[in-house]
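Contents: one structure, followed by commentary.
Residues: numbered from 1 along the sequence shown. FYI, side chains are in, hydrogens and waters are out, and symmetry mates aren't considered; it's all heavy atoms of this structure.
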Amino acid sequence: MSPAEMDTHAITVHLDRLLAERGMTLSELADRVGVTVVNLSILKNGRAKAVRFTTLTKICEVLDCQPGDLLGYHPGENR
């Protein structure tokens with residue numbers, strides 16, 4: 001597998017939608033989750049290569065959501 005193929009994935013992140021629905025800013029979420037705005041921005045923009053379960057747990061706690069509300073799988077939409 002080439003390096004370019006290893007960077008493609010079919011996972012989408014719905015953090016923008018969840019933040020808008022909750023009336024919360026990325027900065028507020030970062031403070032409440034305990035991660036940097038930069039790291040959350042990387043996740044929000046779909047550029048994250050991994051997410052720690054502890055971070056995912058905290059995001060779900062703060063946003064009162066399930067992991068499936070935050071992440072989607074869309075085959076054929078390489079990102």
Side-chain angles (χ1 to χ4, degrees):
M1 187 178 301
S2 74
E5 290 172 321
M6 291 172 50
D7 285 342
T8 62
H9 60 82
I11 302 300
T12 55
V13 180
H14 309 289
L15 190 53
D16 275 341
R17 178 179 48 82
L18 288 171
L19 288 171
E21 289 173 0
R22 305 307 191 269
M24 188 180 298
T25 66
L26 193 63
S27 295
E28 183 181 353
L29 180 62
D31 288 341
R32 293 177 65 182
V33 170
V35 298
T36 67
V37 173
V38 171
N39 282 342
L40 276 185
S41 182
I42 290 168
L43 175 63
K44 179 181 72 111
N45 294 323
R47 295 188 324 261
K49 296 187 186 285
V51 180
R52 291 182 183 194
F53 282 161
T54 53
T55 302
L56 183 59
T57 297
K58 191 64 178 172
I59 290 171
C60 288
E61 287 173 1
V62 170
L63 294 178
D64 189 29
C65 69
Q66 293 293 313
D69 298 329
L70 180 64
L71 304 172
Y73 171 65
H74 301 279
E77 292 183 24
N78 289 336
R79 303 191 34 90

Report yes if some heavy atom in the side chain of Leu43 is under 4.5 Å from a heavy atom in the side chain of Ile59; otherwise report no. yes

Do the non-hydrogen side-chain atoms of Val13 and Leu71 ever get within less than 4.5 Å of each other? yes

Quick one: pull up CG in Asp31 and OG1 in Thr25 and give me the separation to the nearest 0.5 Å. 8.0 Å

So do the side chains of Leu63 and Leu15 get within less than 4.5 Å of each other, counting heavy atoms only? yes

Looking at Asp69 and Gln66, would you say the former's side chain and the latter's main chain have a donor-acceptor pair under 3.5 Å? yes

Arg22 side chain near Leu29 side chain, heavy-atom distance below 4.5 Å: no

Shortest non-hydrogen pair, Leu26 vs Lys44, comes out as CD2-CE, 4.0 Å

Test of understanding: clusters of I, L, V, M, F, W, Y form through side-chain heavy atoms closer than 4.5 Å, transitively. Do Val51 and Ile42 belong to the same one? no

Nearest atoms (heavy-atom pairs only) where Pro67 meets Cys60: N-SG, 3.6 Å

Derivation and outcome, side chain to side chain contact (heavy atoms under 4.5 Å, CB included), residues Val35 and Lys58: CA-CA 10 Å; Val35 298; Lys58 191 64 178 172; over 6 Å; no

